[in-house]
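Step one of this worksheet: look at the structure below.
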Number of protein chains: 2
Amino acid sequence: MPKSVQPLVPIAVLEAVADYFKILSETSRLHILQCLRSGPMNVMELCEATELGQANLSKHLKVMTQAGILTRQPKGTSAYYEIADPLVFEFCELACGQIGDRLRQQAEKFLQATTLQSNSSAPKKSAKSQKTKVKEQVPGSRH
Amino acid sequence: MPKSVQPLVPIAVLEAVADYFKILSETSRLHILQCLRSGPMNVMELCEATELGQANLSKHLKVMTQAGILTRQPKGTSAYYEIADPLVFEFCELACGQIGDRLRQQAEKFLQATTLQSNSSAPKKSAKSQKTKVKEQVPGSRH
DNA sequence: AAGTTTAATAACTATATAGTAGTCTAACCC
DNA sequence: GGGTTAGACTACTATATAGTTATTAAACTT
C-alpha cells in the first residue's frame, strides 16, 4: 500500500485544530460568547439574551465547556458559565480583520438600523452599553 | 411577538465570522493550506499530496478561493492555487495555543511514531523537550 | 412532605455538507 | 482533425449536528 505521503503535520493535529474551529463556527455559540464577554451568566439569563431554546443552549454550553472554552459553576439551582480564557476573542478579532470588507458593509447597515430606529421593538432592555464595542470588534483599526 | 432582543453585535457579523471559521473547521482544508504553505501548487499536485479525490479537492479549493483565502491562477491546462494571505496561519497557531494540552500529547505520539519507524514496543517517551515547540510544528514548519 | 424552578438529558427531525462517481469543457499534444 | 490531460461541475449518498419537544434530576421553597 503505497499510501500516505507523510503529512507535514500529523493529521491528528489538524483534526484537533479543525475541531476547535468547528466550535467557533456556529453563530449561536459566538452569540453566547458575546454575551459572556461582560461577565458570567446563568443559563436562564443566556436563554433570554440569546433567544435560544433552553435545551439547545444547554447543549452548546456543554460543548464549549468540554472544549475548555467555558467554565461551569453551579450555584443553587442554577449554573453560571464564564469565559475560561478571554483569548478566544482574539480569534474573533483576527477573523474580523480577515473578512473586513464584508463586515464593514454589515457594520454600516447595523449602525443605520440602530441610529434611526425606524419602527420595530423598543430595545432598551438589558442594554449593557456593550454596543459601543462593536466598532472595536468589527472593522477599521485592527490591533 | 416581542422578539429579537437587540443583539450586542449584529447577528450578521456573527454569521460572517462563523462562516469564516467554518471554512477552517475541516481537516481536509487545513491539510490543503498546510501543503500550500510552501508555495503554489496545482490541483494534481495537491491531489497527490493530500490524497483527496479530485472532485472533492476542487470543491474545497473553490470554497476557500471564494472566501478569499486562496487565489487561483490558470496555467495551461492546470490551475495553480496559492495562499492569498499568510495571516490565516496565525489562526492555526493561535488555535494550537488554545488546545495546547491535547496537542502536546498528540505531538509526542507523532514524534514517537516518526522516530522509531516500526511500531513495536516503543520504549521511551523522551519527546518532552519538544513540548514548548508544539505550536511551531503545527503550521507546517517541516521544511 | 408536595410543589417550583433551573438545568441537563433523551429522542427526534431537518438541514447542511464531505466525499464519490460520472460527465463536460478547455487547453494542450500528435 | 483526433486524442489526451487537467480541472470544474452535476447528481447522489452518507453523516453530523442544530434545533425542538418532552422528560428527568437536583436544589430551593412553602
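Residue numbering restarts at 1 for every chain, and letters A, B, ... go by the order of the sequence lines.
Between B:R72 and A:G53, the one whose closest nucleotide on DNA chain D sits nearer the 5' end is B:R72.
Rounding to whole angstrom units, CE of residue A:M41 and P of C:dT6 are separated by 14 Å. Atom pair A:M44:CE and C:dT4:C1' shows a separation of 13 Å (rounding to whole Å applied). For the pair A:K62 NZ and D:dG19 C1', the computed distance is 16 Å after rounding to whole Å. Between the C1' atom of C:dA7 and the CD atom of A:E45 lies a distance of 13 Å, rounded to the nearest Å.
Shown here for B:L30 and A:V17, the closest heavy-atom pair between the two residues is CD1-CG1, 3.8 Å. Between B:A67 and B:I23 the shortest heavy-atom distance is CB-CD1, 3.2 Å.
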Identify each atom pair where a protein N or O and an N or O of nucleotides 10-16 of chain D are less than 3.5 Å apart, giving names and distance.
none

N/O-N/O pairs, protein side and nucleotides 25-30 of chain D side, under 3.5 Å:
none

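Within the 4.0 Å cut-off from OP1 or OP2 of D:dA6, not a single side-chain nitrogen or oxygen of B:Y81 is found. For the OP1/OP2 pair of C:dG19 and a distance below 4.0 Å, the side-chain nitrogens and oxygens of B:S28 include at least one atom meeting the criterion. OP1 or OP2 of D:dG19 has at least one side-chain nitrogen or oxygen of A:H60 nearer than 4.0 Å.
When heavy atoms are screened at a 4.0 angstrom cut-off, A:S58 is found touching base atoms of the nucleic acid.
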